[in-house]
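Atom set for the values below is all heavy atoms of this structure, side chains included, hydrogens, waters and symmetry mates excluded. What you are looking at is a predicted structure, and each value in this text was computed from that prediction instead of being measured. In the text below, chain A, chain B and the rest are named by the order of the sequence lines, each starting its count at 1.
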Amino acid sequence: MTRSINKMSLSTKRLVVLLIFSISTLLLFISSIFIGSSGMSFIDGLKALFGEGDRINVIIVQNIRLPRIFAAVIAGIALSISGVIMQTVSNNVMASPSTLGVSNAAVLGANIAIIVLGGGTIFSSGGFIDINNPYIVSLFAFGFAFLSILLVLGLGRIRRFNNATTVLIGVTFGTFCTGLTTLIQYFASDNVLSAAVYWSFGDLGRANYIEDLIMLVVTVIALIFFLVFSYRYNAMLLGEDSASTLGINLNAFRFISLLLASLLTAVVVSLVGIIGFIGLIVPQVMRKLVGNDHLPLIVGSSLMGASVLLFSDIIARVALNGLALPVGAVTSVIGAPAFILILLLGRRKSE
Amino acid sequence: MISIRNISFSYIKNKKVLNDVSFDINDGECVVLLGPNGAGKSTLISLILKAHKPLSGTIHFDNLDIKKMNALEKAKYISYVPQLINGTSLTVRETVLLGRLPFYKIYPNKKDYELVENLLKEFNLIELKDKETNQISGGERQKVSVARGIIQDSKVIIFDEPTSNLDIKAQQDVINLIKNERNKNHKSFLISIHDLNQALAIGDKFVFLKEGEVFKVCNKDEIDESLIESVYNIKTKIINNNGGKYIIYEN
């Protein structure tokens, strides 16, 4: 199939890829509603979707599965487009949504809330660890992530750093946050420590409709901005001198782009924890599939990000029959070998 | 018209890369920037592109100070043709289409696509339009860069060493494209170039830079062996043939 795709004209190829990922997102979305560990039948699930039938089933579908599925779609889109923009703007294919240290700062904030401020006195019930005050924790995670964005980008703007220096500062700052997190965890009791570690696993089950809505608003704003200015991102691939003669105020544009991309990550990480890999790999795969025109690239990455996270979440929910795995681990464990495979196949093709 | 007045610049304190550089680029004029490596050609271009701020001096486009121009105003005034040394992951058509970026409302319209299509045909690049520019030859890449610069339809086009790193055929192609464009439109060009014969083939006015200062501004007739020797420290012989002027490098 890859060979026949390669023979198509570029625009046909793009359409086909976008269509495939639209369909896969739709199919995964629908099947997610009916797949789970409760043993509910398809008919019961369908009834529950429209608020009829068994009350437990209605609660499972409407209050547990649906918000989680929406979270998968929105977070998948958010992390993927954040990755695209980070990579393009920092001119670095290894850049990802957390390149500027945003995720590390969010984890530090969550750890402070859970361990130092006791926002995470945990209770154990039937083998599950829970955090009893998720809003304080999310608020702290977001606060720290946001401060880190202001610090890294602010420094870059005041001292007029180039891209490489900004990325370096971000990575260094991330390491600094991780160091502080380790120190805090070192002095924590076992109970709070497990709550803190548990928090950092990405888990879409944490999201309810309110959290979905928060993620949705930020994602839609960022997506519109990225799509409206998609051609400017193309121009940035030509290099700074060329981009600046094409009518782009580079410093301001770069600043807003990095700000929005980091903000997306900050919101997602503080609400559902760290979901690695998607923001790095989805844009890479899409660049190979549809090329680097940012209009199809951003749309394609959104669709593929949503698909991948929906798929990973299905695996996370059914793999251990009853015990949900952290989806952040699933994306990496499945995604990393898959990506290496893609790279190997691609290499053979080009030879 | 671009007027460059008393421009000085340094990357490191007390070490001037440009010192009191002044000259004009008149409407419709092709100005060639000459001088050995390190003379300040690239720095001067980056100052005109506003990538750096000069230490002192001014640059005016007509009567507008470039310090006060926003990015979009500047884009309608100058376009820049860099050497696309490695190419990018954008395709040929996507790259040329970016030349129209200053005219987009949000996305390119039908007219933009038509202009690009026609220019690609004219430049013999149409077969390559869906190829990424990192997959084509250096000569083709440079033609893409020239096409993108031309389609921007600015008053001034700046070429940064348009023929360096190309084989002889590709160098000729690029020089011919630039010449054709000169004959068609009444645009101003600023070209930095190493090959003196190519410079003579396209230039009206020649600005020789040496160690960051303007050594001489002159027209074609005033270029002679002694001028070249004092700028480049090489011996040459100039031949006049059929109205053309050719430089032979001697050992």
Asks: Quick one: of B:N70, B:L101, B:L49, who has the most non-hydrogen atom pairs under 4.5 Å with chain A?
Replies: B:L101
Asks: Let's test your reading of the structure: which of A:L295, A:D293, A:V228 forms the most heavy-atom pairs below 4.5 Å with chain B?
Replies: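 Looking at each option in turn, the highest pair count goes to A:D293.
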Asks: Within the supplied structure, the quantity of interest is the number of heavy atoms (other residues, nucleotides, ligands) at a distance under 6.0 Å from A:F146 CZ; does it exceed 12?
Replies: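 Check fails, neighbour count at 12 or below.
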Asks: At a heavy-atom separation under 4.5 Å, does A:L227 approach chain B through its side chain, its backbone, both, or neither?
Replies: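 Backbone plus side chain of A:L227, per the 4.5 Å heavy-atom cut-off to chain B.
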Asks: Work out which heavy atom in B:Y80 is nearest to a heavy atom in A:D241; give both atom names and the distance.
Replies: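 Reported closest heavy-atom pair: CE2-CB, 3.5 Å.
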Asks: Please report the closest heavy-atom contact between A:S242 and B:P82, naming both atoms and the distance.
Replies: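 Closest heavy-atom pair between A:S242 and B:P82: OG-CG, 3.3 Å.
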Asks: Once rounded to the nearest 0.5 Å, what's the spacing between atom OH of B:Y104 and atom CZ of A:F229?
Replies: 14.0 Å
Asks: Would you indicate whether B:K184, at its atom NZ, is surrounded by more than 12 heavy atoms from other residues, nucleotides or ligands within a distance under 6.0 Å?
Replies: yes
Asks: B:S89, B:P102, B:G87: which one forms the most heavy-atom pairs within less than 4.5 Å of chain A?
Replies: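 Highest number of pairs under 4.5 Å: B:S89.
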Asks: Taking CZ in A:F173 as the centre, count heavy atoms belonging to other residues, nucleotides or ligands within less than 6.0 Å. Is the count above 12?
Replies: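 Buried by this count: over 12 neighbours within 6.0 Å.
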Asks: Pick from B:V81, B:D130, B:T133, B:D160: which one has the most heavy-atom pairs with chain A under 4.5 Å?
Replies: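 Among the listed options, the one with the most contacts to chain A is B:D130.
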Asks: Is the closest side-chain heavy-atom distance between B:R148 and A:L238 below 4.5 Å?
Replies: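 B:R148 vs A:L238: side chains touch.
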Asks: Do B:E132 and A:K288 meet the salt-bridge criterion of a basic N to acidic O distance under 4.0 Å?
Replies: no
Asks: Heavy-atom count around B:N63 CG within 6.0 Å, excluding the residue itself: above 12?
Replies: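 Check fails, neighbour count at 12 or below.
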Asks: Quick one: pull up OG in A:S244 and CD1 in B:I78 and give me the separation to the nearest 0.5 Å.
Replies: 8.0 Å
Asks: What part of B:L97 is in contact with chain A, defined as an atom under 4.5 angstrom from a non-hydrogen atom: side chain, backbone, both or neither?
Replies: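 Contact with chain A involves the side chain of B:L97 alone.
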Asks: Would you say B:Q135 has more than 12 foreign heavy atoms packed within less than 6.0 Å of its CD?
Replies: yes
Asks: Using side-chain heavy atoms (C-beta onward) and a distance below 4.5 Å, is A:Y231 in contact with B:I106?
Replies: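 A:Y231 vs B:I106: side chains apart.
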Asks: Taking the side chain from B:Q152 and the backbone from A:T245, do they hold a donor-acceptor pair closer than 3.5 Å?
Replies: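 Side chain of B:Q152 to backbone of A:T245, a donor-acceptor pair under 3.5 Å: yes, one is there.
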Asks: Is B:S46 in contact with chain A via its backbone, its side chain, both, or neither, using a 4.5 Å heavy-atom distance?
Replies: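 Contact with chain A is absent: no heavy atom of B:S46 under 4.5 Å.
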Asks: Only one of B:R93, B:E94, B:K131, B:K129 passes side chain to side chain contact (heavy atoms under 4.5 Å, CB included) with A:L10; say which it is.
Replies: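 Among the candidates, only B:E94 passes.
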Asks: In Å, rounded to the nearest 0.5 Å, how long is the span from CE of A:M236 to CG of B:L90?
Replies: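 Answer for the CE-CG pair, A:M236 versus B:L90, is 12.5 Å.
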